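Each remark here refers to the structure printed beneath this line.
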Amino acid sequence: MKRVAILGATRGMGRALARRFVERGDFVAVLGRGADEVRRSVADLEARGVPGTRVAGFTCDLELPETFKPALEAAEQRLDGLDTVVVTAGAFATQEQLERDPALAARVLTVDFANTVLFCEEAKKKLLQRGGGTLCVFSSVAGDRGRSPVVLYGAAKAGLSAYLEGLDHKHRKDGLVTVCVKPGFVRTAMTEGLPTPPFAGDPEAVAGVVLEGLDAGTPVVYAPPVWRAVMTAIKAMPRFVMRRVKF
């Protein structure tokens, strides 16, 4: 039985993953930025969980680093421990939107890289103090290779993936298992209205893949799994080809 705090559990992939946890009897703390959304998510998970499952909810905003430590401490106290922290929260905008709006670009870059890293640093300290645990963080296939449709978003995710790899190299010997999840396109509210590419996934299916990788301590999880092969091929393409393609 795991004791899990999930930042981003109020929607999309985070909600789907939280449901998977409670349905098998894990304790879950929902961390989200809207108090009403957190309460609704807690009620949903309580209704879905097996008897004896403990669910709690606390506000935590990825744009407000001062909320990170209090939320993690509250989750640890309410669940009588904490051995797993999952981060699915993040921000997204298209390359065109980011180029038109410097303030939006600054927000996405800050949330998806700097503030996510700061949250992970708090989670890392908390888990190491308890002798170790699992830190599972959603990055993106967009960070695997510089590509013209996702220059800025991809840069933020590339930085996040590099951070998570370094963390795994440094602390796995100390008992901290770092799992970097690299989803491809997933049908969520974040991607609503965007053209759906091949190999698109649904939150429930992605959650199953992620849970399996998390339990196994797999350092890098592609979800859906086909994206591992897709990105291997893309990373092998020479630059003169990448300049001409539109994906």
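Fair warning: this is a prediction, and the values are worked out from it, not measured in the lab.
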Original post:
For Leu118, which residues count as a side-chain contact (heavy atoms from CB on, under 4.5 Å) partner, sequence neighbours excluded?
Top reply: Pro65, Phe68, Asn115

Original post:
With a 4.5 Å limit on heavy-atom distance, are the side chains of Arg24 and Leu211 in contact?
Top reply: yes

Subject >> Atom CZ of Arg33: over 12 foreign heavy atoms under 6.0 Å >> reply: no

Original post:
Would a hydrophobic clustering, with Ile, Leu, Val, Met, Phe, Trp and Tyr connected at side-chain separations under 4.5 Å, put Leu160 with Val181?
Top reply: no

**OP:** Please lay out, stage by stage, how Cys120 and Leu135 fare under the test side chain to side chain contact (heavy atoms under 4.5 Å, CB included).
**Re:** CA-CA 8 Å; Cys120 289; Leu135 176 61; 4.0 Å; yes

Original post:
Just by modelled atom types, is the Ala56 backbone N or O under 3.5 Å from a matching donor or acceptor in the Arg78 side chain?
Top reply: no

Original post:
Looking at residues at least two apart in the chain, or sitting in another chain, which of them share a side-chain contact (heavy atoms from CB on, under 4.5 Å) with Val177?
Top reply: Thr134, Arg172, Val179

Original post:
Nearest heavy-atom pair of Pro219 and Asp168: which atoms, and what distance?
Top reply: CB-OD2, 4.0 Å

**OP:** Output the distance between atom OG1 (Thr59) and atom CG (Asp36), rounded to the nearest 0.5 Å.
**Re:** 11.5 Å

**OP:** Give the intermediate values and the outcome of side chain to side chain contact (heavy atoms under 4.5 Å, CB included) for residues Lys182 and Trp227.
**Re:** CA-CA 8 Å; Lys182 296 184 177 182; Trp227 281 98; over 6 Å; no

Original post:
About how many Å separate SG of Cys60 and CZ of Phe119, when rounded to the nearest 0.5 Å?
Top reply: 5.0 Å

Original post:
Arg147 and Ile234: side chain to side chain contact (heavy atoms under 4.5 Å, CB included), yes or no, with the steps?
Top reply: CA-CA 10 Å; Arg147 294 186 286 132; Ile234 290 176; 4.2 Å; yes

Subject >> hydrophobic_cluster_shared for Val86 and Leu72, side chain cutoff 4.5 Å >> reply: no

Original post:
How would you list, by chain and number, every residue that makes a side-chain contact (heavy atoms from CB on, under 4.5 Å) with Lys235, sequence neighbours excluded?
Top reply: Asp144, Arg145, Tyr222

**OP:** Kindly compute the distance separating CG (Asp174) from CG (Leu127), expressed to the nearest 0.5 Å.
**Re:** 12.0 Å

**OP:** Please name the pair of heavy atoms, one in Ala223 and one in Val210, separated by the smallest distance, quoted to 0.1 Å.
**Re:** CB-CG2, 4.5 Å

**OP:** Provide the full list of salt bridge (Lys or Arg N to Asp or Glu O under 4.0 Å) pairs with a residue in residues 82-107, sequence neighbours left out, each pair given once.
**Re:** Glu63-Arg107

Original post:
In Å, rounded to the nearest 0.5 Å, how long is the span from OG1 of Thr116 to CZ of Phe138?
Top reply: 12.5 Å

Original post:
Which heavy atom in Ala5 sits nearest to a heavy atom in Leu31, and how many Å separate them?
Top reply: CB-CD1, 4.2 Å

Original post:
What pairs with Glu37 under side-chain hydrogen bond (donor to acceptor under 3.5 Å, both in side chains), at least two apart in sequence or on another chain?
Top reply: Arg11

**OP:** Compare every heavy atom of Gly213 with every heavy atom of Val221, then report the nearest pair and how far apart it is.
**Re:** CG2-CA, 3.9 Å

Subject >> Shortest non-hydrogen separation from Lys157 to Ser140 and the atoms involved >> reply: CG-CB, 3.7 Å

Original post:
Lys173 side chain to Lys170 main-chain N or O, any donor-acceptor pair under 3.5 Å?
Top reply: yes

Subject >> Cluster overlap Leu128 with Val137, hydrophobic side-chain contacts below 4.5 Å >> reply: yes

**OP:** Walk me through it: do Glu121 and Tyr163 pass the test side-chain hydrogen bond (donor to acceptor under 3.5 Å, both in side chains)?
**Re:** CA-CA 10 Å; Glu121 285 292 292; Tyr163 163 77; 2.6 Å; yes

Original post:
For the side chain of Asp112 and the backbone of Gly90, is there at least one donor-acceptor N/O pair under 3.5 Å apart?
Top reply: no

**OP:** Following the transitive rule for hydrophobic clusters with a side-chain heavy-atom cut-off under 4.5 Å over Ile, Leu, Val, Met, Phe, Trp and Tyr, establish whether Leu7 and Val55 coincide in one cluster.
**Re:** no

**OP:** Tell me, yes or no, whether the heavy-atom count around Gln97 atom CD, taken from other residues, nucleotides or ligands under 6.0 Å, exceeds 12.
**Re:** yes

Subject >> Residues, nucleotides or ligands: over 12 heavy atoms within 6.0 Å of Glu23 CD >> reply: yes

Original post:
Side chains of Pro225 and Val209: closer than 4.5 Å at any heavy-atom pair?
Top reply: yes

Original post:
Listed by chain and number, what are the side-chain hydrogen bond (donor to acceptor under 3.5 Å, both in side chains) partners of Arg130, not counting sequence neighbours?
Top reply: Glu76

**OP:** Please report the shortest heavy-atom distance between Ser139 and Ser161, naming the atom on each side.
**Re:** OG-OG, 2.7 Å

Original post:
CZ of Phe58 to CD of Glu73: how many Å apart, nearest 0.5 Å?
Top reply: 11.5 Å

Subject >> SB check Asp44 Arg15 (cutoff 4.0 Å) >> reply: no

Original post:
Taking Arg20 for the side chain and Glu204 for the main chain, is one N or O donor matched with an acceptor at less than 3.5 Å?
Top reply: yes

**OP:** Determine yes or no for a side-chain-to-main-chain donor-acceptor pair under 3.5 angstrom, with Thr88 supplying the side chain and Gly8 the backbone.
**Re:** yes

Original post:
Would Leu167 and Lys124 satisfy side chain to side chain contact (heavy atoms under 4.5 Å, CB included), going step by step from the backbone distance to the final call?
Top reply: CA-CA 9 Å; Leu167 206 62; Lys124 175 196 76 175; 3.5 Å; yes

Original post:
Any chain of hydrophobic side-chain contacts (each under 4.5 Å) joining Met1 to Leu79?
Top reply: yes

**OP:** Kindly compute the distance separating CZ (Arg3) from CG (Asp80), expressed to the nearest 0.5 Å.
**Re:** 6.0 Å

Subject >> Backbone of Asp61 reached by a side-chain donor or acceptor of Thr67 within 3.5 Å >> reply: yes

**OP:** Count the heavy atoms belonging to other residues, nucleotides or ligands that lie under 6.0 Å from NZ of Lys69, then report whether that count exceeds 12.
**Re:** no

